[in-house]
Undergrad: 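Below you will find the structure I want to go over with you.
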Amino acid sequence: MTMPKTVLITGASSGIGRALALEYAKSGAKVAMVARRRELLDALAEEVRAAGGEPLVLVADVTQSENVHNAVTDAIAAFGGLDMVIANAGVGGTKHAKDLSWGFSEKMIDANVNGAIATLTAAIPHMVKRGSGHLVGVSSLAGIRALPNSAVYSASKAALSTFLEAIRIDLRKSGVNVTDVQPGFVTTPMTDKNKFKMPFKWPVEKAAKVITERLQKVPSVIAFPWPLVTALRIARLLPDALYERIVGGADPRGVL
Ligand SMILES: NC(=O)c1ccc[n+]([C@@H]2O[C@H](COP(=O)([O-])OP(=O)(O)OC[C@H]3O[C@@H](n4cnc5c(N)ncnc54)[C@H](OP(=O)(O)O)[C@@H]3O)[C@@H](O)[C@H]2O)c1
C-alpha cells in the first residue's frame with residue numbers, strides 16, 4: 001500500500017497527532033486535523049501547507065459524538081472521501097487506586113474510549129460503502145497488561161485495542177483495514193508532565209515516521225520500542241500472582 005491521499009487525524013494539535021499530520025503533509029496528502037484548540041490547529045495548517053500538504057482545520061471535542069460525526073462528514077465532503085482515519089486524541093495521567101475519583105476516570109474514558117470509538121464508527125459506513133479505507137487507533141503498550149497507578153489509563157487503552165481487534169474481524173472481507181498502534185514512551189506534552197524515568201523514550205518525529213512507514217504495510221498491530229514490547233508480551237504470559245508481585249514491588253512507571 002502507498003501513503004493515504006486523504007487522512008483525518010484526531011488530537012492533531014499536539015504531540016503524536018501533530019507529528020503524524022506533518023509526516024503525511026510531506027507526502028502531499030490532504031490532512032484533516034481535529035482537536036479543540038483552534039489556534040494550534042491554525043498554526044499547524046500553515047506548516048502542513050509549507051510541507052506540501054493540503055490542510056483542513058476541524059475544531060471538535062471527541063467526547064461529543066455529534067461533533068466527531070460532523071468532523072468526519074465535513075472531511076469526507078471537503079476531500080471527496082477519506083482513505084485513512086486515525087483516532088489518536090487521548091488524555092494521560094497516573095493515579096493510585098486509593099486516589100481515584102469518578103471525575104478523573106470519566107474524563108479519561110470519555111476521551112480515550114468513547115472519543116476514539118465515536119471517531120472510528122463515524123468513518124466505517126463511508127469506508128465500507130467505498131470498499132476501501134484504513135482505520136487506525138492509537139492505543140498504548142499500557143493496554144497489554146495493567147500497570148501500577150494506571151488503572152483507568154490501562155483499562156481505556158485495553159478497551160480501545162479490543163475494539164480495534166473486533167472491528168478488524170468484522171470488516172475482514174469489506175476492503176477496510178484496521179491497525180492498532182501501541183506506542184511506548186514518546187516525548188510529547190503528555191509525557192513532559194511525568195516525573196519518573198521513562199525507559200526507551202522516543203522523540204515524537206521518530207515515532208511518527210515509524211508509524212507512517214509501518215502503516216503502509218497495513219499490519220494489525222504496530223508496537224514499539226521492541227524491548228518494552230517484548231517485556232510486556234512476556235508479562236502477558238506470566239501467571240497473575242507472579243505478575244502482580246513483580247510490578248507491585250517495582251517503581252511505578254506510570255502512563256505509557
Ligand atoms: N506520549 C506517549 O508516550 C504515548 C504513549 C502511548 C500512547 N500514547 C497515546 O497517543 C495519543 C496522543 O498522545 P500525545 O502523547 O501526543 O499527547 P498530547 O501531546 O497531550 O496530545 C493529545 C492530543 O489529544 C487531543 N485531545 C485530548 N482530548 C481531546 C478531546 N476531548 N477532543 C479532541 N481532542 C482531544 C489534544 O488536543 P486539544 O487539547 O487541542 O483538544 C491533543 O491534540 C494519546 O491517545 C495517548 O494516550 C501516547
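Indexing begins at 1, ligand by ligand and atom by atom, following the structure's order. These values consider heavy atoms only, across backbone and side chains, with no hydrogens, waters or symmetry-generated copies. Throughout, numbering of the chain's residues begins at 1 and tracks the sequence.
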Undergrad: Could you tell me, atom by atom, which parts of ligand 1 come under 4.0 Å of a heavy atom of Thr63?
TA: 31 (N)

Undergrad: Testing the 3.5 Å rule here: is there a donor-acceptor pair between the side chains of Ser139 and Ser161?
TA: yes

Undergrad: Heavy-atom contacts with Ser13 under 4.0 Å: which atoms of ligand 1 show up? List them by number with element.
TA: 36 (C), 37 (O), 38 (P), 40 (O), 42 (C), 43 (O)

Undergrad: Do ligand 1 and Gly17 have nitrogen or oxygen atoms that lie under 3.5 Å from each other?
TA: no

Undergrad: Taking N or O atoms only and a 3.5 Å limit, does Val62 qualify as a polar contact for ligand 1?
TA: yes

Undergrad: Between Gly11 and ligand 1, is there a nitrogen or oxygen pair with a distance under 3.5 Å?
TA: yes

Undergrad: Counting only heavy atoms closer than 4.0 Å, does ligand 1 sit against the backbone of Thr188, its side chain, both, or neither?
TA: side chain

Undergrad: Taking only heavy atoms of Ile16, which atoms of ligand 1 are found under 4.0 Å from at least one of them?
TA: 10 (O), 16 (O), 48 (C)

Undergrad: For ligand 1, does Thr191 get within less than 4.0 Å through its side chain, its backbone, both, or neither, judged by non-hydrogen atoms?
TA: side chain

Undergrad: Regarding Asp83 and Arg130, does a basic nitrogen lie under 4.0 Å from an acidic carboxylate oxygen?
TA: yes

Undergrad: Could you tell me whether ligand 1 has any atom less than 4.0 Å away from a heavy atom of Gly115?
TA: no

Undergrad: Going by distance only, is there an N or O of Arg37 that falls short of 3.5 Å from an N or O of ligand 1?
TA: yes

Undergrad: Within the structure provided, determine whether Val7 and Leu20 are in side-chain contact (heavy-atom separation under 4.5 Å).
TA: no

Undergrad: Which atoms from ligand 1 have a heavy atom of Asp61 less than 4.0 Å away?
TA: 30 (C), 31 (N), 32 (N)

Undergrad: Please work out whether any backbone atom (N, CA, C, O) or any side-chain heavy atom from C-beta onward of Ser139 is under 4.0 Å from ligand 1, and answer side chain, backbone, both or neither.
TA: backbone

Undergrad: Under 6.0 Å from the CD atom of Glu106, do we count more than 12 heavy atoms belonging to anything else shown?
TA: yes

Undergrad: For Lys157, is at least one N or O under 3.5 Å away from an N or O on ligand 1?
TA: yes

Undergrad: Which atoms of ligand 1 have any heavy atom of Gly15 under 4.0 Å away?
TA: 16 (O), 19 (O)

Undergrad: Are side-chain heavy atoms of Val136 and Ile222 found at a separation under 4.5 Å?
TA: no

Undergrad: If you measure every N/O of Ala111 against every N/O of ligand 1, is any gap under 3.5 Å?
TA: no

Undergrad: Just so I know, are the side chains of Val178 and Leu120 near enough to count as touching, which here means a heavy-atom distance under 4.5 Å?
TA: no

Undergrad: Show which atoms of ligand 1 fall inside a sub-4.0 Å distance from at least one heavy-atom site of Ala60.
TA: 32 (N), 33 (C)

Undergrad: In ligand 1, which numbered atoms sit nearer than 4.0 Å to a non-hydrogen atom of Ser140?
TA: 6 (C), 7 (C)

Undergrad: What atoms of ligand 1 come within less than 4.0 Å of a heavy atom belonging to Phe185?
TA: 3 (O)

Undergrad: Taking only Lys NZ, Arg NE, NH1 and NH2, and the carboxylate oxygens of Asp or Glu, determine whether Arg145 and Asp240 approach each other closer than 4.0 Å.
TA: yes

Undergrad: Please evaluate residues Glu165 and Arg168 with respect to the criterion salt bridge (charged side-chain N to carboxylate O under 4.0 Å, His left out), reporting the C-alpha separation (whole Å), side-chain torsions for both, the decisive distance (0.1 Å), and the verdict.
TA: CA-CA 5 Å; Glu165 184 176 35; Arg168 187 181 313 114; 5.1 Å; no

Undergrad: For atom 22 (C) of ligand 1, state which one of Ala71, Gly90, Ala89 supplies the nearest heavy atom.
TA: Gly90

Undergrad: Using a strict cut-off of less than 4.0 Å between a Lys/Arg side-chain nitrogen and an Asp/Glu carboxylate oxygen, indicate whether Lys209 and Glu213 qualify as a salt bridge.
TA: yes

Undergrad: Does only the side chain of Lys201 get under 4.0 Å from ligand 1, or the backbone, or both, or neither? Count heavy atoms.
TA: neither

